[in-house]
Amino acid sequence: KIGNEYQITFVEAERIAKGYHKYRCFDQSYAERFDNMMKRDFANNIQSAVVLWSSPERYRNPGCLGFPWVGGMLKEGCVPREDAMDDFEDYINFLANRYSGSDVNKGKIYHFIIWNEAASGGWFDNSPIIPRTIDLSSTDISTWIDKYADMMRRAHSAIRRHTTGVLMYASIDAIWRDDTTLNDGIPHIGSKRLLEGLWTRLGTSIDWGVAAHPYGDPSADTGPNWQNFARLNELVNSQEMHLRNLGVSDPLSKPQSRIYASEQGWPDVG
């Protein structure tokens with residue numbers, strides 16, 4: 001213990017057994033704020049969900065551009081650098097361990113959403129690795145999806161190491177197919193293309209669902225480029241199709257069929 005910081009692991013065997021890449025310390029008072037919220041939910045049979053988004057500045061690429069938001073430049077969407085991915089995994093390892101439900105005074109996280117709206121180059125910002133242009137090459141798009149798939153794999157490993165009865169989700173926004181007219185020059189690869197890439201890279205090798213953000217009037221058909229509640233069947237059918245193509249006769253039994261409307265808004269689109 002140094003001041004209000006506590007070390008998590010103390011010997012090499014313990015570090016390895018708990019799955020940490022490095023020795024870690026945490027701020028006890030900061031953690032206890034979340035302990036109190038999680039344990040109240042747990043005591044009342046409420047399932048807590050977390051969105052694992054917003055990178056600390058020290059883990060970002062210094063050239064990450066961010067994007068204009070509420071009068072400033074938002075850079076919290078800058079993804080962790082490659083040399084910071086062990087730190088990303090260790091953080092999720094800490095959360096999965098601390099909030100596994102084994103301690104009623106700390107509660108449990110049941111739903112882990114990985115990053116935010118990962119088909120958007122603003123909310124999932126891998127610049128300057130991915131150029132700030134709407135005319136991305138196929139290599140750029142592949143690199144984009146590779147990065148997110150790596151985050152999903154690492155998160156899954158950390159979560160499964162410490163807890164059960166939970167689900168991890170890929171995060172998508174309402175833009176189903178890429179439509180540059182909606183993005184003010186910020187690249188967007190389309191949520192459908194992102195998920196197609198995850199199926200290629202992850203398939204059913206890990207457990208994952210989809211956290212969708214259906215915006216717009218839920219009674220209106222907004223067309224094939226946009227996912228509101230009226231068009232969520234396209235997402236559901238796409239996930240089911242991939243499972244059936246892999247020989248799964250009961251797609252609803254698989255976590256990839258799980259759709260979580262984790263952010264939503266209406267009646268306005270956007």
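We're numbering straight along the sequence, starting at 1. Note that this is a predicted model, so its numbers are computed, not measured.
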Going by an N to O cut-off under 4.0 Å, is there a salt bridge joining [X] and [Y]?
{"X": "Lys106", "Y": "Glu32", "value": "no"}
{"X": "Asp35", "Y": "Arg98", "value": "yes"}
{"X": "Asp86", "Y": "Arg154", "value": "yes"}
{"X": "Asp125", "Y": "Arg132", "value": "yes"}

[X] [atom1] to [Y] [atom2] distance, which is reported to the nearest 0.5 Å:
{"X": "Ile113", "Y": "Leu52", "atom1": "CD1", "atom2": "CG", "value": "8.5 Å"}
{"X": "Met152", "Y": "Leu198", "atom1": "CE", "atom2": "CG", "value": "5.5 Å"}
{"X": "Tyr6", "Y": "Cys25", "atom1": "OH", "atom2": "SG", "value": "11.5 Å"}
{"X": "Lys192", "Y": "Ile175", "atom1": "NZ", "atom2": "CD1", "value": "15.5 Å"}
{"X": "Arg201", "Y": "Ile145", "atom1": "CZ", "atom2": "CD1", "value": "5.0 Å"}
{"X": "Arg60", "Y": "Glu76", "atom1": "CZ", "atom2": "CD", "value": "5.0 Å"}

Trp123 and Trp53 aromatic ring geometry - parallel, tilted or perpendicular at 30°/60° bounds:
tilted

Could you pull out the closest heavy-atom pair between [X] and [Y], with the gap in Å?
{"X": "Asp103", "Y": "Asn105", "result": "OD1-N, 2.9 Å"}
{"X": "Ile114", "Y": "Met168", "result": "CG1-CG, 3.5 Å"}
{"X": "Trp144", "Y": "Pro187", "result": "CH2-O, 3.6 Å"}
{"X": "Leu167", "Y": "Pro255", "result": "CD1-CB, 3.5 Å"}
{"X": "Thr204", "Y": "Gln256", "result": "CA-NE2, 3.7 Å"}
{"X": "Tyr148", "Y": "Ser171", "result": "OH-N, 2.9 Å"}

Tell me whether Arg24 contacts the main-chain N or O of Gln7 through its side chain, where contact means a donor paired with an acceptor under 3.5 Å.
no

Spell out, as yes or no, whether a donor-acceptor pair under 3.5 Å connects the side chain of Asp217 to the backbone of Ser219.
yes

Distance alone, cut at 3.5 Å: any donor-acceptor contact between the side chains of [X] and [Y]?
{"X": "Glu196", "Y": "His242", "result": "yes"}
{"X": "His213", "Y": "Gln264", "result": "no"}
{"X": "Gln239", "Y": "Trp199", "result": "yes"}
{"X": "Ser120", "Y": "Asp173", "result": "no"}
{"X": "Tyr23", "Y": "Glu14", "result": "no"}
{"X": "Tyr260", "Y": "His111", "result": "no"}
{"X": "Ser137", "Y": "Asp140", "result": "yes"}

With salt bridge (charged side-chain N to carboxylate O under 4.0 Å, His left out) as the test, would you mind laying out the steps for Glu82 and Lys147 before giving the verdict?
CA-CA 9 Å; Glu82 286 306 302; Lys147 179 68 174 182; 2.6 Å; yes

Passes salt bridge (charged side-chain N to carboxylate O under 4.0 Å, His left out), Glu240 versus Lys254? Steps please.
CA-CA 9 Å; Glu240 179 180 348; Lys254 295 296 184 181; over 6 Å; no

Ring centre gap for Phe94 and Phe26 strictly below 6.0 Å:
yes

Taking the ring centre of each residue, are Phe88 and Tyr59 less than 6.0 Å apart?
no

Establish, yes or no, whether the cationic atom of Lys22 lies under 6.0 Å from the six-membered ring centre of Tyr20 and within 45° of the ring axis.
no

For Gln227 and Tyr215, what are the C-alpha separation, side-chain angles and deciding distance, and is it a side-chain hydrogen bond (donor to acceptor under 3.5 Å, both in side chains)?
CA-CA 7 Å; Gln227 285 273 294; Tyr215 272 73; over 6 Å; no

Is the CD atom of Glu12 crowded by more than 12 outside heavy atoms at less than 6.0 Å?
yes

